Amino acid sequence: MLMYVVRRLLQAIPVFLGTTFLIYFMVFSMPGDPVLALFGDKTPNPAVLEAVRAQYNLDQPFIVQYLLYLKDLLTGNLGTTFSGQEVTEVLKRAFPVTLKLVTMAVVIEFVLAVVIGLVSGLRKGGIIDNANLVIALVLSSVPPFVALFLAQYFIGIKLGWAPVTVGANATWGAMLLPATVIALTIYVTGMRLMRGSVIEAQSADYVRTASAKGLTRRRIIPVHVARNSLIPVITNTAASFGALIAGTTVTEGIFNIPGVGKVLFDAIIRGETATVVSFVTILTILYIIVNILVDLLYAVLDPRIRYV
């Protein structure tokens, strides 16, 4: 097990380098001069422009800028924004907010996928199963930003059941509505995986053997059917977690949530390479860790899985 974790961590090194290099190159290749854009309509002194470029290493070739960034990154220095703030401080403020939102959404999505998928799989072809499939089809066809706007208008404005915007008050309760809407738009894949796994597991030899031994249905379903059906759902949930962490820009924009998505969007517009790459680097590391933990969880759910 230990050697497996070590190998996965070593495999993560080229992923980490490739991701940071690609993002750094994309931001570097954006048209326009980010330093000149800081002054708006004013025409700055050329000496001031050169001083600012030198401060952020923008007067260096691309590869030199990237290597200098890697050197600072390895020493724990994520750089500074154009407003003079440490990227580390910005990260400390924004990341916990996004992590809270994504954690809520993923937990709700996982519960919905497991419960609804299990019920549909056990009652394949019945009224409940068909109703769940129709509802899933409707929800999967609605774009997330449309669902977010509709929830904000009807639940937040018309009914007043939830805050319309989150703002600085990023509490669990304030973010329950956007988290629930996100979960409803992404649970469909996990539900279908759970349903298909449950249907397949019921005809498996180990389930037939357990039934032949006289085990009750109450014992067979949670231990032999549900438990072995969770692996594809967990894989899907882990992928959803990584995608949501990096893709909350629309949600945070609609509900005015001061998280990673909003900071990244503003940094891309301003051309703040250090901010963009630093945030993406942290997201990459988190995504790698989540995937390793999910792989290790497989062995807990299915004793037949062994890592060497």
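Numbers here simply count residues along the sequence, with the first being 1. We use all heavy atoms of the structure for the numbers below, so side chains are in, but hydrogens, waters and symmetry mates are not. Everything quoted here is computed from the prediction, not taken from an experiment.
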For Arg208, side chain to side chain donor-acceptor pair (under 3.5 Å) partners two or more places apart: none
Once you round to the nearest 0.5 Å, how far does CG of Leu67 lie from CD1 of Ile63? 4.5 Å
If we check side chain to side chain contact (heavy atoms under 4.5 Å, CB included) with Ile116, which of these qualifies: Val188, Asn132, Ile135? Asn132
Among Val181, Leu177, Thr165, whose side chain to side chain contact (heavy atoms under 4.5 Å, CB included) with Phe255 holds? Leu177
Is Ile127 atom CD1 crowded by more than 12 heavy atoms from other residues, nucleotides or ligands, each under 6.0 Å away? no
By salt bridge (Lys or Arg N to Asp or Glu O under 4.0 Å), Glu89 pairs with (sequence neighbours left out) Lys92
Would you check if the side chain of Ser203 reaches a backbone N or O of Glu200 as a donor-acceptor pair within less than 3.5 Å? yes
Between Pro163 and Ala174 the two heavy atoms that sit nearest each other are CG-CA, 4.0 Å
Check the hydrophobic clustering (I, L, V, M, F, W, Y; side-chain heavy atoms under 4.5 Å; chains of links allowed) and say if Leu118 and Ile128 are grouped together. no
Listed by chain and number, what are the ring pair (Phe, Tyr, Trp, His ring centres under 6.0 Å) partners of Tyr66, not counting sequence neighbours? Phe21, Tyr24
Is it the case that over 12 heavy atoms from other parts of the model lie below 6.0 angstrom from the CH2 atom of Trp161? no
Could you tell me whether the side chain of Thr237 and the main chain of Val233 form a donor-acceptor pair under 3.5 Å? yes
Closest contact, heavy atoms only, Ser229 versus Ala201: OG-CB, 4.0 Å
Quick check: closest heavy atoms across Gln152 and Val164, and the distance to 0.1 Å? NE2-O, 3.0 Å
Determine whether Tyr187 and Ile108 satisfy the following criterion, side-chain contact (heavy atoms from CB on, under 4.5 Å), listing intermediate values before the conclusion. CA-CA 8 Å; Tyr187 92 97; Ile108 296 172; over 6 Å; no
Nearest heavy atoms of Pro232 and Ser197, plus distance in Å: CG-OG, 3.2 Å
Minimum heavy-atom distance Ala136-Met191, with the two atoms named: CB-CE, 3.5 Å
